[in-house]
Amino acid sequence: MEKLKADCLFCKIIKKEIHSSVVHEDDKTLAFKDINPQAPVHIIIVPKIHVDKISDLTEETAEFIGDMTLTANKIAKEFKIDKNGYRLVVNCEEYGGQTIYHIHVHLLGGRRMTWPPG
Ligand code: 5GP
Ligand code: ZN
């Protein structure tokens, strides 16, 4: 399994080759503010190992979803959006709206979300 990919934007953010506003870092995940926020709180959470998309997860890498979720829940508490609630989003491929092919969870909060999503 490749760890980080040279031409991947989020891998470059993980390596700090590209600047981002980091809000949380541990040995498994990095979380940073989305450059184009869609809510008062909009954080991107990534595993520190490159996987293109959620449909590529295997028994070996499925734990990344758990790692990202635990980080998201921690950040939600820190940003005090845990009581009112928040949304976690994973976009997959073209129809799912994925634009960056390094698996990530969006943490969105600080306003009431609508349903169904666009
Ligand atoms: P996707 O559409 O793949 O689910 O989400 C990619 C997200 O990454 C988008 O919300 C977009 O605003 C964000 N993004 C794209 N480029 C950058 C960047 O260079 N820095 C940061 N912090 N976020 C980015
Ligand atoms: Zn990557």
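Whatever order the structure lists ligands and atoms in, that order sets their numbers, starting from 1. If you read the sequence from its start, that first residue is 1, and numbering goes on from there. Treat the numbers as computed from the prediction; the structure is a model and nothing was measured.
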Less than 4.5 Å apart, any side-chain heavy atom of His106 and any of Ile44? yes
So, Asp56 and Tyr101: side-chain donor and acceptor under 3.5 Å apart, yes or no? no
Regarding ligand 1, does His42 bring an N or O atom to under 3.5 Å of one of the ligand's N or O atoms? no
Taking the side chain as every heavy atom from C-beta outward, state whether Asp26 and Lys48 have any atom pair closer than 4.5 Å. no
Nearest to atom 3 (O) of ligand 1, what protein heavy atom do you find, and at what distance? Thr99 N, 2.8 Å
Does a side-chain heavy-atom distance below 4.5 Å link Val46 with Phe32? yes
Return a yes/no value for Ile35: is any of its N or O atoms, backbone included, closer than 3.5 angstrom to an N or O of ligand 1? yes
Note the single closest protein heavy atom to atom 10 (O) of ligand 1, along with its residue, its atom name and the distance in Å. Asp34 OD2, 2.5 Å
Hey, does Leu9 have a side-chain heavy atom less than 4.5 Å from the side chain of His102? no
Nearest non-hydrogen protein atom, atom 16 (N) of ligand 1: Leu9 CD2, 3.4 Å
Heavy atom under 4.0 Å from ligand 1: found in Tyr101's side chain, backbone, both, or neither? neither
Would you call Phe79 and Leu107 a side-chain contact if the rule is heavy atoms closer than 4.5 Å? no
Kindly confirm or rule out an N or O of Ile100 lying under 3.5 angstrom from an N or O of ligand 1. yes
Heavy-atom distance under 4.5 Å between the side chains of Glu78 and Lys80, does that happen here? no
What part of His106 sits under 4.0 Å from ligand 1 if we count only heavy atoms: the side chain, the backbone, both or neither? side chain
With only distance considered, is His104 within less than 3.5 Å of ligand 1 through an N or O on each side? yes
What protein heavy atom lies closest to atom 22 (N) of ligand 1? Include the residue and the distance to one decimal. Lys33 O, 2.9 Å
Note: Val89, heavy atoms under 4.0 Å from ligand 1, region reported as neither
Mark up the atoms of ligand 1 that fall under 4.0 Å of a heavy atom belonging to Asn36, in ascending order. 12 (O)
At less than 4.0 angstrom from any non-hydrogen atom of Phe10, what atoms of ligand 1 do you find? 8 (O)
Ligand 1 to Gly97 polar contact by distance, N or O atoms, under 3.5 Å: yes
Please state the angle at the Zn ion (ligand 2) spanned by ND1 of His50 and ND1 of His102: what is it, rounded to 10 degrees? 110°
More than 12 heavy atoms of other groups within 6.0 Å of Lys53 NZ: yes
Do Leu4 and Ile49 touch side chain to side chain, with heavy atoms closer than 4.5 Å? no
Check whether any side-chain heavy atom of Asn73 lies under 4.5 Å from a side-chain heavy atom of Asp82, and answer yes or no. no
